[in-house]
Amino acid sequence: MENRTYTADAEPGDHVTVAGWVHEIRDLGGIAFLILRDKTGKIQIKFEKDEMDDDLVEAGLDASRESVVSVTGTVDEEPRAPTGVEVTPDGFEVIAPADPELPLDPSGKVDAELPTRLDNRTLDLRKPDVQAVFEIRAEVLRAVREQFRDEGCTEINTPKIVATGTEGGTELFPISYFGEEAFMNQSPQLFKQLMAGSGLEKVFEIGPIFRAEEHNTPRHLNEATSIDFEGAFHDHTEAMDVVEGIVTAAYEAVAENCQEELELLDLADEFEAPSGEFPRLTYEEALDRINATGELDEMLVYGDDLSTEAERVLGEEVGEHYFIVDWPSEIKPFYIKDYDDDAETSTGFDLMHPRMELVSGGQREHRYEHLVEGFEQQGLDPDEFEYYTKMFKYGMPPHAGWGLGGERLVMTMLGLDNIREAVLFPRDRQRLSP
RNA sequence: GCCCGGGUGGUGUAGUGGCCCAUCAUACAACCCUGUCACGGUUGUGACGCGGGUUCAAAUCCCGCCUCGGGCGCCA
């Protein structure tokens, strides 16, 4: 739109055209105010009934809330106006009227529940605090990319339509691929490993992953954004160094570049980037600390996986991001390498936020025979994964990597109650549209 | 997959057998009001998820269905 001025840029003395949505109309009788909202904020438009053209006043006051309008007029300094300036219009046009009956209230006077908000995401995202979440999400992704690039990683994009599942375990969405059975990929795991063995060596991918699990919780999605890393000649401790850098960079970028958004979310005072070095608890230390709290009905013993409750208890105990390392091999996937001097202990690790798991990773099994053996022990047919395993015959370096849940990162960073708030159009057990 | 708990005007709610042709807020409509900033005031509009059952009487109790949220498992 030519000659459009953002409301935030309207200076006293200017003659401007502002365009946006009708936020509210307050009619006081002889004088009325229309509050116009755009991406940058709000501005007050003044209608003085005795002193202005009747048609202009009528057009302005007849506009329904959330209609898109453009207003041309003079900007004046006005201490009584909410932003200190107001526009006296000489032109007013309704560009796109809004039905007076709105499915939710973008002015935020009346709350709407999450399903209502998600059904009407466009209107929901007219609320500044909702916008702030997605501005921050964008900044997180930008900072993560920059940090990876600074570390010499190459961004890759791998197929989301695949012939076979990644590593077994989670359920996959089946699709028909020209009549052939195919699946939506649950993880870029196998492909990024193949690239770690290529000349690219250090790669990352930010992309969707699909999981057909019928869970129904505030921290699961069936389509999520995974931030993945894989590095050749990395061991698991070096991979943990990388994830520390990534998570810290994301927090620092938000602290530095998103003050306005943090204020909208009432987080400006408390928001703090982590130190950059997360405690690395061994699995056994984690068990001891959980058991020491006495909060669990039953003491955990070696070999137990950590239940949701155990994770919560440990999170409260540690109070910051932390790693759990040195898991028993039996409860970590076969493609994660065991220690060379201790076949019972895995190099797998998890990065935890006090509220939930954020990352899982480890050093990969790069030895061809061990890998094929692992497939067989899992009851998987190595032939189906031949496209993958065969590359381990042609010089596959030791490598390590991890996957970080993008929405979980944003959710825990901002203290969101529900992961769906961190996605524009979430896909969950109940929701396939919009 | 197993287990809980919900669905009342457009939105968010009150109401757990008769006091309910259903409360309040917001919205919408009309009128009054020249400095609002969640403007205020008066009047009005608008709802018990669907189907069946129990009862003299059902928003309220029972059954089925639809639908939503949550807990666990599992995971990012």
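Note that these values count all heavy atoms, side chains included, but never hydrogens, waters or copies made by symmetry. Predicted model only: the values in this text are computed from it and were never measured. Below, read A as the first sequence line, B as the second, and so on, with proteins coming before strands; counting in each chain starts at 1.
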May I ask you to say what [X] touches in the nucleic acid, namely base, sugar-phosphate or nothing, with a heavy-atom cut-off under 4.0 Å?
X      : result
A:E311 : base
A:E48  : base
A:L221 : base
A:A112 : sugar-phosphate
A:R420 : sugar-phosphate
A:N216 : base
A:K46  : base
A:S307 : sugar-phosphate

Considering just the side-chain nitrogens and oxygens of [X], establish if one lies under 4.0 Å of OP1 or OP2 belonging to [N].
X      : N      : answer
A:T116 : B:rG12 : yes
A:S360 : B:rA76 : yes
A:R219 : B:rC72 : yes
A:T308 : B:rG73 : yes
A:N418 : B:rG70 : yes

Take atom [atom1] in [N] and the same atom in [M], then report the distance between them in whole Å.
N      : M      : atom1 : value
B:rC19 : B:rG7  : C1'   : 26 Å
B:rU55 : B:rG46 : P     : 34 Å
B:rG35 : B:rA27 : C1'   : 24 Å
B:rG9  : B:rC4  : P     : 27 Å

Please check if any side-chain donor atom of [X] sits under 3.5 Å from a side-chain acceptor atom of [Y], or the reverse.
X      : Y      : answer
A:T7   : A:D38  : yes
A:R137 : A:T225 : yes
A:T17  : A:T72  : yes
A:Q131 : A:E135 : no

What about A:F334 and A:F375, are their ring centers closer than 6.0 Å?
yes
So, for A:F33 and A:F47, is the gap between ring centers shorter than 6.0 Å?
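No: the rings miss the under 6.0 Å criterion.
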How many whole angstroms separate atom [atom1] of [X] from atom [atom2] of [N]?
X      : N      : atom1 : atom2 : value
A:D304 : B:rC74 : CG    : P     : 11 Å
A:Q186 : B:rC74 : CD    : P     : 16 Å
A:D305 : B:rC75 : CG    : C1'   : 10 Å
A:E101 : B:rA47 : CD    : P     : 11 Å
A:D50  : B:rU34 : CG    : P     : 9 Å
A:L61  : B:rC28 : CG    : P     : 13 Å
A:D119 : B:rU67 : CG    : P     : 13 Å
A:I25  : B:rU26 : CD1   : C1'   : 17 Å

Among the candidates [options], find the nucleotide nearest to the side-chain atoms of [X].
X      : options                : answer
A:Q430 : B:rG71, B:rC68, B:rA25 : B:rC68
A:E113 : B:rG12, B:rC28, B:rU26 : B:rG12
A:R65  : B:rC68, B:rA76, B:rC28 : B:rC28
A:D428 : B:rG69, B:rG10, B:rG73 : B:rG69

Could you list by number each residue of residues 5-18 of chain A showing a heavy-atom separation from RNA chain B of less than 4.0 Å, or answer none if no residue does?
none
dist A:M184:CE -> A:F173:CZ (nearest 0.5 Å) comes out at 8.5 Å
Verify, without hydrogens or angle tests, whether A:K160 (side chain) and A:T158 (backbone) share a donor-acceptor contact under 3.5 angstrom.
yes
Enumerate the protein-to-nucleotides 36-38 of chain B contacts in which both atoms are nitrogen or oxygen and the separation is below 3.5 Å.
unit_1 : atom_1 : unit_2 : atom_2 : d
B:rU36 : O2'    : A:R26  : NE     : 3.3
B:rU36 : O2     : A:R26  : NE     : 3.1
B:rU36 : N3     : A:Q44  : OE1    : 2.7
B:rU36 : N3     : A:Q44  : NE2    : 3.3
B:rU36 : O4     : A:Q44  : OE1    : 3.3
B:rU36 : O4     : A:Q44  : NE2    : 3.0
B:rU36 : O4     : A:R80  : O      : 2.3
B:rU36 : O4     : A:A81  : N      : 3.4
B:rC37 : O4'    : A:R26  : NH2    : 3.3
B:rC37 : O2     : A:P82  : N      : 3.2
B:rC37 : N3     : A:R80  : O      : 3.1
B:rC37 : N4     : A:R80  : O      : 3.2

Could you check whether any side-chain heavy atom of [X] comes within less than 4.5 Å of a side-chain heavy atom of [Y], counting everything from C-beta outward?
X      : Y      : value
A:V69  : A:F92  : yes
A:D417 : A:M411 : no
A:V359 : A:F349 : yes
A:R408 : A:R219 : yes

[N] - base-pair partner by Watson-Crick or wobble geometry, distances under 3.5 Å:
N      : value
B:rG69 : B:rC4
B:rU16 : none
B:rC28 : B:rG44
B:rA22 : none
B:rU36 : none

Is it true that the NZ or CZ of A:R364 lies under 6.0 Å from the centre of A:Y335's six-membered ring and within 45 degrees of the ring axis?
no
Is the ring pair A:F271/A:Y251 parallel, tilted or perpendicular, if the boundaries are 30 and 60 degrees?
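Aromatic pair A:F271/A:Y251 classed parallel.
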From the list A:E238, A:E230, A:H236, side-chain contact (heavy atoms from CB on, under 4.5 Å) partner of A:H234 resolves to A:E238
If you take atom types as modelled and just measure distance, does the side chain of [X] reach the base of [N] with a donor-acceptor pair under 3.5 Å?
X      : N      : answer
A:R211 : B:rA76 : yes
A:H215 : B:rC72 : no
A:R408 : B:rC75 : yes

Taking all atoms of both residues into account, what is the closest heavy-atom pair of A:E223 and A:P208, and its distance?
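For A:E223 versus A:P208, the nearest heavy atoms are OE2-CB, 3.9 Å.
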Across nucleotides 40-46 of chain B, 5' to 3', mark each nucleotide with B, S or - according to how protein heavy atoms within less than 4.0 Å reach it.
-------
Of A:L118 and A:K49, the one whose closest nucleotide on RNA chain B sits nearer the 5' end is A:K49
